[in-house]
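Keep in mind that what you see is a predicted model, and the values were worked out from it rather than measured. So you know, we letter chains A, B, ... as the sequences are listed, proteins then strands, and number each from 1.
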Number of protein chains: 2
Amino acid sequence: MQLSTKARYATRAMIELAFNYGKGPMQLKEIARRQDISEKYLEQVLFPLRTKGYIYTQKGSRGGYSLSMAPEEITLYDIIQTVEGSLAPVACVDNAGACNRVDICVTRDVWSRLKNIVIQELKSINLADLVVEQERKKKESGSNIMYQI
Amino acid sequence: MQLSTKARYATRAMIELAFNYGKGPMQLKEIARRQDISEKYLEQVLFPLRTKGYIYTQKGSRGGYSLSMAPEEITLYDIIQTVEGSLAPVACVDNAGACNRVDICVTRDVWSRLKNIVIQELKSINLADLVVEQERKKKESGSNIMYQI
DNA sequence: ATAATTCCTATTATTATAGTAGTATTTATT
DNA sequence: AATAAATACTACTATAATAATAGGAATTAT
Ligand code: FES
Ligand code: FES
């Protein structure tokens, strides 16, 4: 039940973009540097977020990444689901064909509920929430240090 | 966020033992056969459940496995936590030293809540619940077939 | 004594994750 | 038009975790 680093990297990068929202494109190199993530790997991690339309990329010189909608509109669920795929703890929750006796299985209902409550929780948090919370923590801790997550 | 087969095998085996509760020891071979799990692998999977005291094993001829407490007293959390270890989606939730800026991290709180709601859900279901539900499903489906999960 | 069982340890195989590398394409700037 | 700086794309490699297999030691009812 561990979250993949892919999901964590994507979340961290998206928070960077949320901080940068409205300020033009931010380069991959910069995101990777600030978050201490391999550039090439981050590139692959972010790719599906682009195809799903959460981020907009501008190619060429002075290009970069930016959110393609307001931070309020992007939830943690959107991000994690996009890079991790389904949040079902077992395959048959999404695809009944994956197990051979789904009609009589007692745990499937449990896994299904589990999936739902996780989704619900992740949907309840958007990037704007995280930015606000980040600012609050920064102020509270008196630290002006670059954040890292 | 996939559940390991280890966790699923353990759950299935424990449900078998719950069905067999009060009827003496049940052999590993029998559990493995009914659930179509490799004997040798299941042996390893069940081992920690014994050391944690959820199951009692009798060695030697006519030996076998049995629950060491009533099915009501064993929750899915007990089983899964025992074989999978912590349910924290990221390491720093259990061990603040795992990340370097836990004081200022905004997602850590999210992961922590996620862990808690999953635990709460898994704790709410015990083996007796599953046995009852299994019987109900069997009756409802009119099927007398050996169950499989 | 024997047969049937769990206990223990080591090894291997398989899969998924994480990371690296190199080239192609696009675009702002000069 | 040339150049430099960026993303896009594809392929490969390394690492780690999971799943499975194997064989013998210890125990116990018969
Ligand atoms: S039917 Fe898939 S876990 Fe039971
Ligand atoms: S401190 Fe561990 S995820 Fe942020």
Heavy-atom nearest pair, B/Met14 first then B/Leu127, reads O-CD1, 3.8 Å
Note: contacts of residues 39-63 of chain B with DNA chain C (heavy atom, under 4.0 Å) are B/Lys40, B/Glu43, B/Gln44, B/Phe47, B/Arg50, B/Thr57, B/Gln58, B/Lys59, B/Gly60, B/Ser61
(Q) Donor-acceptor check, side chain of B/Ser66 to backbone of B/Gly24, threshold 3.5 angstrom: yes or no? (A) no
Going by atom types alone, do B/Glu84 and B/Ser4 pair a side-chain donor with an acceptor below 3.5 Å? yes
With 3.5 Å as the limit, what N/O pairs link the protein to nucleotides 15-17 of chain D?
none

N or O in side chain of A/Tyr9 less than 4.0 angstrom from C/dG19 OP1/OP2: yes
Distance-only donor-acceptor check, side chains B/Asp78 and B/Thr75, under 3.5 Å
yes
Distance-only, no hydrogens or angles: does the A/Lys115 side chain make a donor-acceptor pair with backbone N or O of A/Val93 under 3.5 Å? no
The helix from C/dA1-D/dT30 to C/dT30-D/dA1: angle between terminal helix axes, five bp per end, to the nearest 10 degrees, reads 10°
Going by atom types alone, do B/Gln81 and B/Lys52 pair a side-chain donor with an acceptor below 3.5 Å?
yes
So OH of A/Tyr21 and CD1 of A/Ile74: to nearest 0.5 Å the spacing works out to 8.5 Å
Q) Does A/Lys6 make a side-chain N or O approach to OP1 or OP2 of C/dT17 shorter than 4.0 Å? A) no
Original post:
When hydrophobic residues are tied together by side-chain contacts of less than 4.5 Å, even through go-betweens, does B/Met69 share a cluster with B/Ile79?
Top reply: yes
